[in-house]
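All remarks here apply to the structure that follows.
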Amino acid sequence: MAFLYPSFLWALAAISIPIVLHLIQLRRAKRVEFSNVKFIQVSKDLTASQRNLKELLILASRILFITFLVLAFAQPFLPASEAVRPIDSSQVTIALDNSLSMQNLHADDDLTLLTVAADQAKRVLDIFPSTTAISINTNSNYNRSATIGTADAANTLDQISHSTRPFVSQQVMSTNQVAAEHVFLFSDFQKSYFEPSMLSKVDSNRVYHLVPLKAVGTSNVFVDSVYLADEFVRPNTEGTLYVRLYNAGDKAIPGCPVKLIIDNMQIAALSIDLPAKQVTETAINFTIRGEGSKQAWVEVEDYPVEFDNLYYFVLQPSSRLSITEISGNESSPLQRLYRNEPLFQTQRFSPNNIDYARLNTSDIIVLQGVEEIPAALVSTLDAYVKSGGTLAVIPPSTERSTSYAALLQTLAIPANLNASGNTKTSLAIPDRDNPFFKTIFADYDPKMQMPASVRKLVWSRSSEDILKYRGGAPYLSRFDRGQGKVYLLAAPLQPDQNELVNHALFVPVMYRLAISSYKQEQQLAYRLQNMSITVPVKKQAGGENIYKLVKDSTVFIPEQQIRGGRLVFNVPPDLEEAGFYQLQLQGETVGSFAFNFDKQESLLEQYSPAELRSFVSKDQQHVHVYDYSDTFTVKDEFEKRFFGVTLWKYCLILCLIFLMAEIALIRFL
């Protein structure tokens, strides 16, 4: 123990005053009054014993009163326990994690972690003088806040709200700081965001105080993602939406309510049992009414973390599919088939009269019964498939076409024309679980009558065999090549060689073949964090071609470029609110987008103080981790380490206690 003002200790000589008074009082004669001689000796002994004890107690109280009064003025303290170089305490940074995960409740209070963190930070302000420059930093303004006094800092802490930006440990542990200061970091230290490796790279000019906040639990339910069973969305036609729900907690949740909303109308309501630490997938049927894109969301009921209870997405009706047929037959069965469906837009070219510029705009190209394929067409089809196009190859009746070998070799497909394939073989019954046949069979008959067909084109090692002959040989297969796909049909579309043309399966199979070429240009939903989005746009003649993202009265102008008829833009960093945003050009809406929070924020598992300490090496004496406790303990530990423990307050309290004891002894004894 040491004293701030040791010169005051000379005043301890004042202890002699009550001692002298006590001795003088002992020499004075005492008058004893009595009324009965019988009790003289008893009264004398009893009175003397009580008087001596009382006077000793009063003497002790006076001595202790003077002693602690002098010590209070001398201001004793216990020296700081931290043997580090001095840190400037005139500048302090309070970094408060106000991410959405701080909506979770505190383990010891029925308050959010953010509220508890703000209260603890305000109490830490009491450690420092009112002249200390305080910098209050949150996830959205780190290293950009001005320094303020302790009174203004307390008001700022009261006004902090949740931010959609995640906890950024790189900025908190920045090594680019020049000032030597104390940094207090209040956070739940999520395992999904906090990077323990940053603790080994912290700035040695600063002293870091990590104050973890213990949450009541890690239970949280959120929508991980949604996807469509069929990307080809048609109005007034039933579709299926698959919803992936994740229960991040350690306990199973029975009967979790789930709702599907489309254009502010509830379409479905489910109750789903969610096992702990697992993804549960469920299917919801829906139907789009009317034209245009539809704003939709899936809603779950979960408490106390509610920011991720809604998952927004946009249902965009598919545009018409462009089908290009290359065939020498003007009365091709495909032309009659596809023209009967308004969803398809068809065009046909003969092998000797092809508009190559229009081929690249097609969703699918069908090479149907062409006997000789021009060399220019071979190279064009190869580039088309590699860029993401879909090609369907239907062989001719002849077996001697050498151009097919060149095409198949260019596409790296192990297939060739079969000179002896003139014998018909029945097809095997299709697999009802194959996604290709989903929604095709209203009533699946495992004994259905299947057509027969010759085998003019043979191959092996495909990506998927969709239809097979009864012997197991492939009849219709898909080959994935680059970003595109190639479908091979084993027989030409002539009724005498291929009975599928007149079979009930012909229409749904060829429709599905065309629909499988559809690529959803726009995702159902996007994340708020920085990412690049690419969508097709129509070229605008003249004017200011600047696209804007608009939500209500809020307007964002993202970084953007137009490349080959596609708009490429980055999600603005200031776009923080989940929901629906309209893409506008010159005041006209050209698209709708749904943005959701990053799912890492929904994973509430956190590092404990012991785990945080394990990440700090022994030579890092400038990084301190506090246990789960209230702020007064944190404050006491900080003062012990850096300011020492001041004892003058305790001396003053004891001084008052002994003064009151003296008064009580004189008054009541």
Could you give the distance from CD1 (Ile261) to NZ (Lys294), rounded to the nearest 0.5 Å?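 Separation between the atoms: 15.0 Å.
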Test of ring centre spacing under 6.0 Å for [X] and [Y]:
X: Phe569; Y: Phe593; value: yes
X: Tyr511; Y: Phe344; value: yes
X: Tyr312; Y: Phe595; value: no

As a quick check of understanding, evaluate side chain to side chain donor-acceptor pair (under 3.5 Å) for Tyr384 and Ser362, giving each step before the final call. CA-CA 9 Å; Tyr384 170 77; Ser362 303; 5.5 Å; no
Between [Y] and [X], is there a salt bridge with N-O shorter than 4.0 Å?
X: Glu341; Y: Arg320; result: no
X: Glu464; Y: Arg478; result: yes
X: Glu299; Y: Lys259; result: no
X: Asp431; Y: Lys468; result: no

Would you say the side-chain atoms of [X] pair up with the backbone N or O of [Y], donor to acceptor, closer than 3.5 Å?
X: Ser327; Y: Asn329; result: yes
X: Arg165; Y: Glu576; result: no
X: Asp363; Y: Ser322; result: yes
X: Asn220; Y: Ala248; result: no
X: Arg566; Y: Thr534; result: no
X: Tyr404; Y: Ile373; result: no
X: Tyr311; Y: Val243; result: no
X: Gln295; Y: Phe580; result: no

Under a 3.5 Å threshold, yes or no: a donor from one side chain and an acceptor from the other, between Ser163 and Asn139?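 On atom types as modelled, these side chains do not qualify, holding no pair under 3.5 Å.
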Do you see a donor-acceptor pair shorter than 3.5 Å between the side chains of Gln316 and Gln522?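 The criterion, which ignores hydrogens and geometry beyond distance, is not satisfied for Gln522 and Gln316.
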Check whether any side-chain heavy atom of Phe313 sits under 4.5 Å from a side-chain heavy atom of Gln523, and report yes or no.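 Of all side-chain heavy-atom pairs linking Gln523 with Phe313, none is under 4.5 Å.
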Hey, are the side chains of Ser592 and Val314 touching, using non-hydrogen atoms and a 4.5 Å cut-off?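 Side-chain contact under 4.5 Å: yes.
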Check step by step if side chain to side chain contact (heavy atoms under 4.5 Å, CB included) holds for Ile533 and Val571. CA-CA 8 Å; Ile533 298 177; Val571 179; 3.9 Å; yes
